[in-house]
Undergrad: 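Below is a structure I'd like to ask you about.
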2 protein chains.
Amino acid sequence: MPGKRVPEPERREQILAATYDVAAEHGLWETTILRVSAAANVSPGLVMFHFETRRQLLLALLDHLLAQTTVLLVDPEVSALPSPSDRLIAVLRREMSRLTSEPMRIRLTFDFWMAGVRDAAIREKLRTEFARYRASFRPLAADVLRAEPERFAGVTPDGLAGVSVSIIKGCAVQSMIDAEHFDVEDHLAAAVGLMQHLGPAPTVG
Amino acid sequence: MPGKRVPEPERREQILAATYDVAAEHGLWETTILRVSAAANVSPGLVMFHFETRRQLLLALLDHLLAQTTVLLVDPEVSALPSPSDRLIAVLRREMSRLTSEPMRIRLTFDFWMAGVRDAAIREKLRTEFARYRASFRPLAADVLRAEPERFAGVTPDGLAGVSVSIIKGCAVQSMIDAEHFDVEDHLAAAVGLMQHLGPAPTVG
DNA sequence: CATTGTATTGAACGGAAGTTCAATAGCAGT
DNA sequence: ACTGCTATTGAACTTCCGTTCAATACAATG
């Protein structure tokens, strides 16, 4: 009673898409082969045939998830801004608003994050991905510091990049269970309040 | 074949302690009645007898966890610091170092956080708890802003408190899977770099 | 058209989960 | 000592999980 045959890569893609849907709806821990196969209109056995094991299915989902995560790209209009701190702020704003625009991906990523605590393979994938993410902030941070080296003695580009990422992650965590209460603009305003002083020195009254 | 009888509150406490141990070792999702009962040297049925349901056991564990979380208390030597920003920084430092000193509790809290995405009761408990946490930063933040109102027009005490909490949570997330690589002091130095300028105006060269 | 390979199915299996429950044993009160 | 209450046990039940596998039908090859 087998159904239609489909070339392998498309089948994998179809099953992965179904896996994503299930994981987005029920969370990673309730993502079972049965549910995935039902969502993909496919037999449970076929899922095993293509992915060998549940664990490997989830690892493939993580790859899928990270692959389609757009790398932090500073678009032209941002890089045209004259002030280094304005550039950093603009990027922060876009990253933070991304949190509310794709909540499912955020939740799923954090599900994997928690799974990574106990699974070395997951942990490693996430570690390298977020190292890359943090690294993408580094040039921005370096520009900011270079603009006023004497005011931030002891602050390294990596440190500033790390704090930037921390703020974003903190917002992500907050928005995850407090989505409606969490005001991105308000939060950003405060962050900007801190960052502003990385730019030209304010006139001291 | 029943064993010794134990007054109810002690039994509950004993089982909760065992639940904590299991959850700390295996994570919230692998915290099963069977494992808990084994860890408590008790029959599975007794766990059900005292907690009705697995879900209620976990809710009780969450209460247990939040109850024994020390409220953010600014100790005397911190409140003796003359500079408002120094006080905020000192509190930040202590909170961040707490992340690495009790990693198990952090992980477990985040496990609940993720569970809260899909469970309203858990979500509500966490929401109020962290609202209280954020609120405890408010007076500190207000002092900082009051010291230099003209420099931070538009930044509210709530906003600054929120960013402070975001930084801490972001560090927590980071440290969870990158514990050995994550340098608290380096990270804090950068955060302090931002915060410093909330204090007395630096002499502009 | 026959053959071969393989994608596909669906039933089956073993295990572990949460929950239920009749039986039992310890304790308090009389 | 007896009675009654309840904490406690451990087995049974249902369900669902991941996984295995023999049977099957489709597609390409000859």
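By convention in this document, chain letters (A, B, ...) are assigned in the order of the sequence lines, proteins followed by strands, and residues within each chain are numbered from 1. Any value given below was found using the heavy atoms of this structure, including those in side chains, with hydrogens, waters and symmetry copies removed.
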Undergrad: Within the distance-only criterion (no hydrogens, no angle test), does the side chain of B:R123 pair as donor or acceptor with the backbone N or O of A:I177 below 3.5 angstrom?
TA: no
Undergrad: Quick check against the 3.5 Å criterion: does A:T53 have a side-chain atom that pairs as donor or acceptor with the backbone of A:Q56?
TA: no
Undergrad: Between B:F130 and B:W113, how do the two ring planes meet: parallel, tilted or perpendicular, split at 30° and 60°?
TA: perpendicular
Undergrad: Of all the heavy-atom pairs spanning A:I167 and B:S166, show the shortest one and how long it is.
TA: O-CB, 4.1 Å
Undergrad: For the atom pair CG (B:L16) and NE2 (B:H50), what is the distance rounded to the nearest 0.5 Å?
TA: 10.5 Å
Undergrad: State whether the number of non-hydrogen atoms from other residues, nucleotides or ligands found under 6.0 Å of A:Q68 atom CD is greater than 12.
TA: yes
Undergrad: Short question: side chain of A:D111, backbone of A:G27 - any donor-acceptor pair under 3.5 Å?
TA: no
Undergrad: For B:E8 and C:dC27, what is the distance between atoms CD and P respectively, to the nearest whole Å?
TA: 17 Å
Undergrad: Looking at DNA chain D, which of residues 44-64 of chain B put a heavy atom within less than 4.0 Å of it?
TA: B:G45, B:L46, B:F49, B:H50
Undergrad: Can you tell if the side chain of A:L57 reaches within under 4.5 Å of the side chain of A:I15, non-hydrogen atoms only?
TA: yes
Undergrad: Counting primed atoms plus P, OP1 and OP2 as sugar-phosphate and everything else as base, spell out the protein contacts along nucleotides 23-30 of chain D at 4.0 Å heavy-atom distance: B, S or - for each nucleotide, 5' to 3'.
TA: -BSBS---
Undergrad: What's the CZ-P distance between A:R35 and D:dT15, to the nearest Å?
TA: 16 Å
Undergrad: Tell me whether B:E102 is salt-bridged to B:R98, with the criterion being a basic N under 4.0 Å from an acidic carboxylate O.
TA: yes
Undergrad: If you measure only the distance, is there a donor-acceptor pair under 3.5 Å linking the side chains of B:E95 and B:Y133?
TA: yes
Undergrad: Do any of residues 22-34 of chain B sit with a heavy atom less than 4.0 Å from DNA chain D, and if so which?
TA: none
